[in-house]
Amino acid sequence: MCGRFALSAKTSSIEALVPGLHIHEDLEPRYNIAPTQNIAAVTGADPTVPAHLRWGLIPSWAKDKNIAVKMINARAETLGEKPAFRNLLKRRRCLIFADGYYEWRKYEGQKRKIPFYFKMKSGEPFTFAGLWDVWKNNEQGLFDDFEDGTAPVISSATNITTSPNELTSKFHNRMPAIILPTDRELWLSDEEDINYISESLRPYPEEEMETYEVSSIVNNAFNDNAACTVPFNTI
DNA sequence: CCAGACGTTGTT
DNA sequence: GTCTGG
DNA sequence: CCAGACGTTGTT
DNA sequence: GTCTGG
């Protein structure tokens with residue numbers, strides 16, 4: 001899975017995740033990052049510069065950018081076989097910055113599903129494994145924006161999923177592939193052995209993670225994507 | 001050769 | 001673009 | 001992923 | 001129920 005996540009860490013702690021990375025601008029804290037929105041990432045092309053990628057992969061060959069809604073996730077197990085992902089796995093890997101992600105649980109008799117927030121016990125941000133590509137619109141001028149404000153050239157990304165660790169498996173049968181700190185350099189490298197690369201797409205050790213139910217008061221802020229400092233309730 | 005797909009998740 | 005199915 | 005819409009015509 | 005927008 002992984003259809004929503006958060007990134008509110010200080011710029012300095014995000015920079016600390018990738019050697020040489022320098023983030024020039026201040027990133028707004030975000031607690032409800034959704035598909036089609038921009039996400040903060042670094043690509044293997046230049047890991048010293050932050051990349052702002054649109055979440056939902058639009059492959060370079062796509063005629064219609066709306067294919068993105070179907071490409072927010074990519075299964076780690078089959079990346080090497082899928083025509084849409086195989087080449088990207090070889091040459092267009094990226095790390096997506098996050099400090100938590102959400103899974104939903106529905107309680108018996110309750111209408112709404114409740115979000116649970118998954119994070120590192122350390123509180124530090126981390127990196128999802130992603131693939132990215134650049135798409136150029138062929139049907140209209142390259143200098144004309146779309147009506148929805150998106151550009152005619154879009155760099156986008158998909159978030160790789162893998163089997164869940166023990167903690168996440170209580171909520172879902174998938175979890176986002178979180179790259180171990182020691183594997184980040186490899187993931188951004190120009191290594192083309194996809195079997196070797198794929199070894200870093202394992203479920204993240206659950207002993208380093210924890211989850212909280214997002215309380216109703218936080219839920220409001222969550223829905224508004226507003227800044228939120230209220231502590232989550234522990235389950 | 002050309003034509004057509006290219007994807008995941010959750011839910012039923 | 002690249003792979004699969006016909 | 002969730003939230004929210006889901007429609008057209010004519011008139012101003 | 002299903003699609004769209006974020």
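Quantities reported herein were computed from a predicted structural model and do not represent experimental measurements. Labels below follow one simple rule: chain letters A, B, ... track the order of the sequence lines, proteins then strands, and each chain is numbered from 1.
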Review point. Tell me: CG of A/Leu53 to C1' of E/dG6, nearest whole Å?
Key: 17 Å
Exercise for review: In whole angstrom, give the distance that lies between atom CZ of A/Arg92 and atom C1' of C/dG1.
Suggested key: 12 Å
Exercise for review: Rounded off to whole Å, could you give me the CD-to-P distance for the A/Glu81 and C/dT4 pair?
Suggested key: 10 Å
Review point. Can you find a side-chain donor-acceptor pair between A/Arg54 and A/Ser155 that sits under 3.5 Å?
Key: no
Review point. Aromatic rings A/Phe118 and A/Phe171: how do their planes relate, parallel, tilted or perpendicular, breaks at 30° and 60°?
Key: perpendicular
With the criterion being N/O to N/O and under 3.5 Å, what pairs connect the protein with nucleotides 1-6 of chain B, and how long is each?
none

Check your understanding: Taking the side chain from A/Trp135 and the backbone from A/Ala62, do they hold a donor-acceptor pair closer than 3.5 Å?
Key -> yes
Check your understanding: Under 4.0 Å between a side-chain N/O of A/Arg4 and OP1 or OP2 of E/dG6, yes or no?
Key -> no
Check your understanding: Are a donor atom and an acceptor atom from the side chains of A/Tyr212 and A/Glu210 found within less than 3.5 Å of each other?
Key -> yes
**Study point:** Under-4.0 Å salt bridge between A/Glu77 and A/Arg174
**Key:** yes
**Study point:** Nearest-angstrom distance from the residue atom CZ of A/Arg105 to P of B/dG10
**Key:** 14 Å
Review point. Base, sugar-phosphate alone, or nothing: which one does A/Ser60 contact when heavy atoms must sit under 4.0 Å apart?
Key: nothing
Check your understanding: Could you state the CG-P distance from A/Leu79 to C/dC3, rounded to the nearest angstrom?
Key -> 15 Å
Review point. Does A/Tyr101 use its side chain to pair, donor to acceptor, with the backbone of A/Met175 at less than 3.5 Å?
Key: no
**Study point:** Between E/dT4 (P) and A/Asp64 (CG): distance, integer Å
**Key:** 10 Å
Exercise for review: Give a yes/no on whether any side-chain N or O of A/Asn173 is located under 4.0 angstrom from OP1 or OP2 of B/dG10.
Suggested key: yes
Point to revise | Atom pair distance, as rounded to whole Å: CG in A/Leu88 and P in C/dG1 | key: 14 Å
Exercise for review: Grab the CG-C1' distance between A/Leu89 and B/dG7 for me, whole Å please.
Suggested key: 16 Å
Check your understanding: Taking the side chain from A/Asp133 and the backbone from A/Ser60, do they hold a donor-acceptor pair closer than 3.5 Å?
Key -> yes
Study note, to complete from the structure: Note on DNA chain E: ranges paired as stems (three or more Watson-Crick/G-U pairs in a row, both atom distances under 3.5 Å) are D:1-6 with E:1-6
Review point. Regarding A/Asn165 and A/Thr168, is there a side-chain donor-to-acceptor distance under 3.5 Å anywhere?
Key: yes
**Study point:** Contact under 4.0 Å: A/His172 side-chain N or O vs B/dG10 OP1/OP2
**Key:** yes
**Study point:** Closest to the A/Lys113 side chain, choosing from E/dG6, B/dT9, B/dG10
**Key:** B/dG10
Check your understanding: If you measure from the Lys or Arg side-chain nitrogens to the Asp or Glu carboxylate oxygens, is any gap between A/Asp183 and A/Arg202 under 4.0 Å?
Key -> yes
Check your understanding: What class does the angle between the rings of A/His24 and A/His22 fall in, given that below 30° is parallel, 30 to 60° is tilted and above 60° is perpendicular?
Key -> perpendicular
Practice item. In whole angstrom, give me the gap between the C1' atoms of E/dG1 and D/dT8. Key: 22 Å
Review point. Does A/Thr161 make a side-chain N or O approach to OP1 or OP2 of B/dT9 shorter than 4.0 Å?
Key: yes
Point to revise | Any A/Thr78 side-chain nitrogen or oxygen under 4.0 Å from OP1 or OP2 of B/dT8 | key: yes
